[in-house]
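First the proteins, then the strands, lettered A, B, ... as listed; each starts at 1. Keep in mind that this is a model prediction, so the values were computed, not measured.
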Amino acid sequence: MAAVRSSGSARGRRGPGETPQTLARAFYARPTLTVARDLIGKVLVHRSPAGVTSGRIVEVEAYIGEDDPACHAAPGPTRRNEPLYGEPGHVYVYFNYGMHDMFNVVTERRGKPAAILVRALEPLDGLEVMEQRRLAAGGRQPAAPRRAIPPGHLCRGPGNLARAMGITLADNRLDLCGPELFIEDRGLDVGQVAWSPRIGIRVGADRPWRCYVVGSRAVSGPTASPASVRSSSAALP
DNA sequence: CGTTCGATGCACT
DNA sequence: GTGCATCGAACGT
């Protein structure tokens, strides 16, 4: 079997213990696949009245332009997809399947509609708050939660992530360069990264625009075996 | 392990 | 009226 490289340390930027740095607008105003890869290992933070919750990003999907049939911009500008055409570094949240809020990060430049769906986090801060939100009655929930939720599964899948992080439609259009909801670099290890087709879509499923950390138990959907992944920082698809 | 299926609300045609 | 960038329970193998 192929040798497994040691997990990539985050390419010589900062070490653990240094001051976390909030990602600036320029981080998001780049090609979407580049932003997607670079979001892996970063930390999503939500400061809410209920408490601070955060988690390490381990799975994302890119949705790029009107030519991408799975992107919400595919029909051209509408009222719902307006944030996709706006300033990068803002939040795009939409409500899906009657019960799930989907958290996206707007990328590229103003006028070019693209975003990244954040699908999974490894929880870091506020695990109790996350669990309360996941188990809270009311709202829309597919089924009454039966068992206790393992800590590592609190933010597995985009619907669960938004719920645990307390992100709702009310956060649509929010600026990620603000103090409430943002992404920061804590110098955490990126790990082995792989690309695959996007999950759960019925069109555009051929594009390998899902990026995830190999071996993370917080990742939703199919994952490559660690032994089959050669590079710790896979080239863009 | 695997597949199927219902819940549920909104944007869009 | 149709179709979802989902989730988890229930069942089959």
| field | Between C:dG3 (C1') and A:H72 (NE2): distance, integer Å | value | 11 Å
| Has the side chain of A:Y63 got a donor or acceptor atom that lies under 3.5 Å from a matching backbone atom of A:A73? | no
| Where the side chain of A:P158 is concerned, which of C:dG8, C:dT6, B:dT8 is the nearest nucleotide? | C:dT6
| Which of these nucleotides, C:dT6, C:dC7, B:dA7, is closest to any side-chain atom of A:N160? | C:dC7
| field | Atom pair distance, as rounded to whole Å: CD in A:E59 and P in C:dT6 | value | 10 Å
| task | Between A:N96 and A:G159, just flag the one whose closest nucleotide in DNA chain C comes earlier from the 5' side. | result | A:N96
| A:F95 CZ to B:dC12 P: how many Å, rounded? | 15 Å
| Can you list, by residue number, the residues of residues 196-205 of chain A that have a non-hydrogen atom closer than 4.0 angstrom to DNA chain C? | A:G200, A:I201, A:R202
| message | If I take atom CZ from residue A:R119 and atom CD1 from residue A:I199, how far apart are they, to the nearest 0.5 angstrom? | response | 4.5 Å
| message | Given the ring of A:Y28, does A:R25 sit roughly above its face, with NZ or CZ under 6.0 Å from the centre of the six-membered ring and within 45° of the axis? | response | no
| query | What about A:Y94, does its side chain sit under 3.5 Å from the base of C:dA5 through a donor-acceptor pair? | reply | yes
| What's the CZ-P distance between A:R79 and B:dT13, to the nearest Å? | 12 Å
| query | What is the distance from CZ of A:R134 to C1' of C:dT6, rounded to the nearest Å? | reply | 12 Å
| query | Between CD of A:E66 and OH of A:Y85, what distance do you get to the nearest 0.5 Å? | reply | 3.5 Å
With the criterion being N/O to N/O and under 3.5 Å, what pairs connect the protein with nucleotides 2-4 of chain B, and how long is each?
none

| Nucleotide forming a Watson-Crick or wobble pair with B:dA7, both distances under 3.5 Å | C:dT6
| request: Determine, stepwise, if the pair A:L44 / A:L181 fulfils side-chain contact (heavy atoms from CB on, under 4.5 Å). | output: CA-CA 8 Å; A:L44 175 65; A:L181 184 59; 4.0 Å; yes
| field | A:S216: which of A:Q192, A:R156, A:R56, A:E122 passes side chain to side chain donor-acceptor pair (under 3.5 Å) | value | A:E122
| message | Any base atoms under 4.0 Å from A:N104, or only sugar-phosphate, or nothing? Heavy atoms, all strands. | response | base
| message | Without decimals, in angstroms, what is the distance between A:L84 CG and C:dA5 P? | response | 12 Å
| query | Can a side chain N or O of A:R119 be found less than 4.0 Å away from OP1 or OP2 on C:dT6? | reply | yes
| query | B:dT8 P sits how many Å from A:H100 NE2, rounded? | reply | 11 Å
| task | Mark yes when over 12 heavy atoms from residues, nucleotides or ligands other than A:R109 sit less than 6.0 Å from its CZ; otherwise mark no. | result | no
| request: Would you kindly give the OH-to-C1' distance between A:Y97 and B:dA11, to the nearest whole Å? | output: 14 Å
| request: Measure from the side-chain heavy atoms of A:Y63 and tell me the nearest of C:dA5, B:dC12, C:dC7. | output: C:dA5
| Candidate pair A:D101 and A:R133, rule salt bridge (charged side-chain N to carboxylate O under 4.0 Å, His left out), full reasoning | CA-CA 13 Å; A:D101 296 296; A:R133 287 171 175 152; over 6 Å; no
| task | In whole angstrom, give me the gap between the C1' atoms of C:dG8 and B:dC10. | result | 22 Å
| remark: For A:G89 and A:D175, the nearest pair of non-hydrogen atoms, with its separation, is O-OD1, 3.3 Å
